[in-house]
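Order of listing sets the numbers, starting from 1, for every ligand and every atom in it.
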Amino acid sequence: MEPVVALVVAAGSGTRLGGNVPKALREVGGRPLVLRSIEALAEGGVDRALVVVAPGLEPAFEGVLADAPVPSACVAGGAERQDSVRAGLAAIAGDPGLSRSVFVLVHDAARALVPAAVVRRVIDALRAGAVGCIPVVPLVDTVRRVTPSGSTVVDRAELCAVQTPQGFVRARLEEAHRVVAERGIAVTDDAAALEVLGETVALVEGSREALKVTEPIDLMVAEAVVRSRS
Ligand code: CTP
Ligand code: MG
């Protein structure tokens, strides 16, 4: 079967979470978020991982990655998430061990508790022929569009929240990020980058447990999820 590499983005500043430890090295249930992310990805079928970290933090992350269940290395990221993804894709392409991978799963280190079943669904969709695949969950809140002239309710039935890992045929995602960078387009996820090429993405069922640790309350929820699993 085609090897699958995970590109784990962990180069953000974690401003909303606060604290003086990089977000991806913050622990939940005694284990760093980045390590829990790689464990879930490996359990779901990923063969190797490349972690994109803030420049200068490579040594701190390398120490943690020694405990990962699949071979894992790290590389420096950029100012925006899409810059970090691009840096990671370039590093994968330049590494003979990683560039054998036909598929790449881009994952937010902050979504450390993604169930392995979600990872498996994404990989299965790629193996079944999808060029891109993203996990989604229904929205639970009522949503309003707010503009200077007032606000209107939006039909929630047509909306969903998008999670990671997002899976892609690696060569197509590389091309997408090249075009996005060349045209100066800002994207907040990789599916949006792929769509710039005119491709469509497949949707699979995500999970509330794949919450993105963003604010302090998310760490509390994550602790509770880990406790509930043991
Ligand atoms: N990320 C990245 N490179 C960036 C910005 C973000 O690799 N330049 C990563 C983060 O490390 C995170 C994921 O993208 O795993 C999603 O971003 P977010 O949850 O917003 O994390 P941060 O940007 O670190 O947090 P904040 O926005 O609160 O500063
Ligand atoms: Mg951010």
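- Only backbone heavy atoms of Ala79 (N, CA, C or O) come within less than 4.0 Å of ligand 1; its side chain stays farther off.
- Comparing heavy-atom distances from atom 15 (O) of ligand 1 across Val8, Val9, Val34, Val106 singles out Val9 as nearest.
- The protein atom (non-hydrogen) at minimum distance from atom 3 (N) of ligand 1 is Ser84 OG, 2.7 Å.
- Of the protein's heavy atoms, Asp108 OD1, 3.3 Å lies nearest to atom 13 (C) of ligand 1.
- The single protein non-hydrogen atom nearest to atom 19 (O) of ligand 1 is Lys212 NZ, 2.9 Å, given as residue, atom name and distance.
- Around the CD atom of Glu2, the shell of radius 6.0 Å holds more than 12 heavy atoms that belong to other residues, nucleotides or ligands.
- Interface atoms of ligand 1 facing Ala10, defined by a heavy-atom separation under 4.0 Å, are 7 (O), 11 (O).
- Given atom 24 (O) of ligand 1, the protein heavy atom at minimum distance is Gly14 N, 2.8 Å.
- With hydrogens left out, the protein atom closest to atom 21 (O) of ligand 1 is Lys23 NZ, 3.0 Å, a heavy atom.
- For ligand 1, the atoms sitting less than 4.0 Å from at least one non-hydrogen atom of Ala109 are 15 (O), numbered in the order shown with element in parentheses.
- A side chain to side chain contact (heavy atoms under 4.5 Å, CB included) with Cys74 holds for exactly one of Val53, Val34, Val8; it is Val53.
- Enclosure of atom CZ in Arg229 by more than 12 non-hydrogen atoms of other residues, nucleotides or ligands within 6.0 angstrom is indicated.
- For Glu80, every heavy-atom contact with ligand 1 shorter than 4.0 Å involves the backbone, none the side chain.
- What sits closest to atom 11 (O) of ligand 1 on the protein, heavy atoms only, is Gly12 N, 2.9 Å.
- Of the heavy atoms in Ser13, both backbone and side-chain atoms come closer than 4.0 Å to ligand 1.
- The shortest contact between atom 27 (O) of ligand 1 and any protein heavy atom is with Arg16 NH2, 2.9 Å.
- In this structure, the side chain of Arg156 does not engage the main chain of Pro138 through any donor-acceptor pair within 3.5 Å.
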